[in-house]
Amino acid sequence: WRAEGQARVEEAIAAETRYPASLSRFYLTECIRCRLGSPEKAALREYARLLHRHGVVPGGPFVEPRWI
């Protein structure tokens with residue numbers, strides 16, 4: 001899905017009329033990340049740990065997220 005989305009960025013920018021094209025382009029090409037690096041994975045692990053700790057996620061013991 002990432003390749004398809006990247007191939008259609010200009011189409012999405014043209015379809016979005018609420019914001020300037022430059023802002024849409026910046027958001028779609030610079031702000032959205034499709035690949036996670038070590039810092040992003042660490043942040044998601046901490047988020048999952050906190051969800052579990054505060055009872056937001058029901059169930060047994062905390063399980064570390066696995067990346068596919």
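Residue numbers start at 1 and run along the sequence shown.
V57 and V63 fall into different hydrophobic clusters, where Ile, Leu, Val, Met, Phe, Trp and Tyr are joined by side-chain heavy atoms under 4.5 Å apart, directly or via other members.
Residue Y27 belongs to a hydrophobic cluster whose other members are V9, I13, L28, I32, with links defined by side-chain heavy atoms closer than 4.5 Å. Alongside L23, the hydrophobic cluster contains Y19 (criterion: ILVMFWY side chains under 4.5 Å).
Under the side-chain hydrogen bond (donor to acceptor under 3.5 Å, both in side chains) criterion, E30 pairs with no residue at all, not counting sequence neighbours. By the side-chain contact (heavy atoms from CB on, under 4.5 Å) test, R18 is found to be paired with E16, residues two or more places apart in sequence or in another chain being considered. With sequence neighbours excluded, the residues that form a salt bridge (Lys or Arg N to Asp or Glu O under 4.0 Å) with R25 are E10. For E46, the salt bridge (Lys or Arg N to Asp or Glu O under 4.0 Å) criterion is met by R49, not counting sequence neighbours.
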